[in-house]
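Structure record follows, encoded as structure tokens.
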Amino acid sequence: MKRCLYALMVLVVLLTGCASSGKTFTSSPDKLASSILEQASFTDQLTALPQDAALRLYGLDAGDVDSCSVYVGTGSTAEEIAVFRMKDESLVDTAKQAVDKRIQYQTDNFESYVPTEVPKLEKAVTVTGGTTLIFVVSDDASKAKSVIDSLS
Amino acid sequence: MKKRIIAFLLAAVSLVSLAACQSTSDATVSTSVSSSQPEASATPTPTPEATPTPTPTPTPTPEATPTPDANANTDDSCFDNSAFLGNSLISDLYTYALVTNSDYYFKNGLTVRSVFTEAQAGSETGTPVYDAAVSKHYDKYFLMFGLNELGWSYPEVFIDDYRTLIQTLQKDEPGAEIYVQSLTPVSAKRSKENLYGVTNDRIVEYNDMLRDLCKEMNVTFVDVASAVCNDQGILPDGAAPDGVHLNIDYCKKWVGALRSALEN
């Protein structure tokens, strides 16, 4: 029974942490990100980055990205919104890897400084659909997930 | 037997999910803060003493700010071949991309002592922040430390350690210009909370000592605090969600103060 529960927990964590929405987001990354900013829960003051700064932050090649919208918090929190529309679906994996690295990087940065930010990173929501990847680190992961679910 | 079959099926589904998500748990972190992750070339001498790690507890206001236009109509050639070293405030400068022709070496919670021992976040090599910076031989170094040292029992220890940092940098990079940036003030609320020694009185005390240290060491002290404080020497409400870490508008004021210092 313990094994069964363990396997179930692993499944839940994986499905929560990274999910394919099964739909294609048609709204622009700017629109998607601003909707998340308005509707999800954040404690920090988020600032939109210019595209070149956003790509640098995530280590993404401008040649792979059609458009993007990234909001970052101050140095006091790990809160962040990133929406990347890649040039084709095969490049979404590249965006996923960039997001994984960003999570590791921020965890390393915050774990001994503001440890309360680490659970936010652990519960960060990553959703893909078509050529779009949406990544949100927020104060309330389940709310962020439901907001993303409502987007198209 | 049934339970084992269920467990096996669930584990199999988990693996499929993992593959679909392409979770790169074994990926090496390469989000580089600087333009590269150079190996160490210097051998600094850190002081083996416990360092308190203040843990700011942010109580920010949820609010969005518009897209930055930090580099509009500005000449940033004064930052060519330069490096910023410091704590989480430097992280903000890097993230906001306010100066794009400089390299950044920082870690949240970094101090004048741990700069010799701690690697940047995401470092693949584990090279200490100081070593990573000096190995690239910059013309200018902009230092920003003190926030995480405010809780130290003796301010003199902070100044002694800062002196060691400057001396080591002068030895390793004899031709480089060194700029010591003042600590920035905190909000009235944050100062009143007095967590980990973070008060504006203490910040003024540290800045006065830093000013004297810079004279002694013949390096440039840059008073960035004046650029972000109000007429009472306090960080205005709304300048930082947690009363400490500046939002982009106030980071722009900070960079403006640096530009002015470099022009003079």
Side-chain angles (χ1 to χ4, degrees), chain A residues 1-8 10-11 13-15 17-20 34 37-38 41-50 52-54 56-59 71-77 79 92-93 96-98 100-102 104-117 126 128 139, chain B residues 3-4 6-11 13-14 17-18 20-25 27-32 53-70 87-92 94-97 100 107-109 120-123 148 238 240-242 244-248:
Chain A
M1 193 59 186
K2 276 184 183 172
R3 281 188 208 175
C4 185
L5 282 172
Y6 176 72
L8 191 61
V10 170
L11 179 63
V13 167
L14 286 171
L15 290 179
C18 174
S20 174
S34 61
L37 180 68
E38 287 166 16
S41 175
F42 300 97
T43 60
D44 203 352
Q45 190 172 350
L46 301 189
T47 299
L49 290 181
D52 55 347
R56 181 182 68 148
L57 196 65
Y58 277 82
Y71 287 81
V72 293
T74 65
S76 63
T77 78
E79 292 180 0
V92 172
D93 283 345
K96 282 178 189 166
Q97 288 168 21
D100 284 341
K101 287 177 183 173
R102 180 71 180 153
Q104 289 179 41
Y105 172 86
Q106 287 289 72
T107 302
D108 192 11
N109 222 1
F110 278 100
E111 62 189 353
S112 62
Y113 186 60
V114 188
T116 50
E117 292 303 300
T126 306
T128 62
D139 196 36
Chain B
K3 286 174 186 169
R4 289 194 176 193
I6 291 168
F8 174 78
L9 285 173
L10 284 168
V13 173
S14 300
S17 302
L18 182 60
C21 289
Q22 294 270 317
S23 176
T24 54
S25 58
T28 51
V29 179
S30 66
T31 306
S32 178
T53 308
T55 307
T57 49
T59 53
T61 311
E63 198 178 313
T65 54
T67 304
D69 57 351
N87 52 34
S88 54
L89 295 169
I90 296 298
S91 166
D92 288 337
Y94 168 75
T95 304
Y96 292 144
T100 55
K107 188 173 185 189
N108 288 352
Q120 300 174 87
S123 169
N148 301 302
D242 66 343
V244 176
H245 295 89
L246 307 177
N247 66 21
I248 188 164

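Hydrogens, waters and symmetry mates play no part in the numbers below; they use all other heavy atoms, side chains included. Chain letters run A, B, ... following the sequence lines, proteins first and then strands; every chain starts at 1.
- Nearest heavy atoms, A/Asp108 versus B/Ala121: OD2-CA, 3.2 Å.
- Considering every non-hydrogen atom in both A/Asp44 and B/Pro241, the closest pair reads OD1-CG, 3.2 Å.
- The nearest pair of heavy atoms linking B/Gly238 to A/Gln45 is O-OE1, 4.0 Å.
- Inter-residue side-chain proximity for A/Tyr113 and B/Asn87 is flagged as unmet; no heavy-atom pair is nearer than 4.5 Å.
- The closest side-chain heavy-atom distance from A/Thr74 to B/Tyr96 is below 4.5 Å.
- A/Tyr105 is not listed as a side-chain neighbour of B/Gln120, based on a closest heavy-atom distance of 4.5 Å or more.
- Annotation: the span from A/Leu49 atom CG to B/Ile248 atom CD1 amounts to 7.0 Å, rounded to 0.5 Å.
- With a threshold of 4.5 angstrom between heavy atoms, B/Ile90 does not approach chain A through any atom at all.
- When all heavy atoms of A/Gly75 and B/Asp92 are compared, the pair lying nearest together is N-OD1, 2.6 Å.
- Expressed to the nearest 0.5 Å, how far CG of B/Asn108 lies from CD of A/Gln106 amounts to 7.5 Å.
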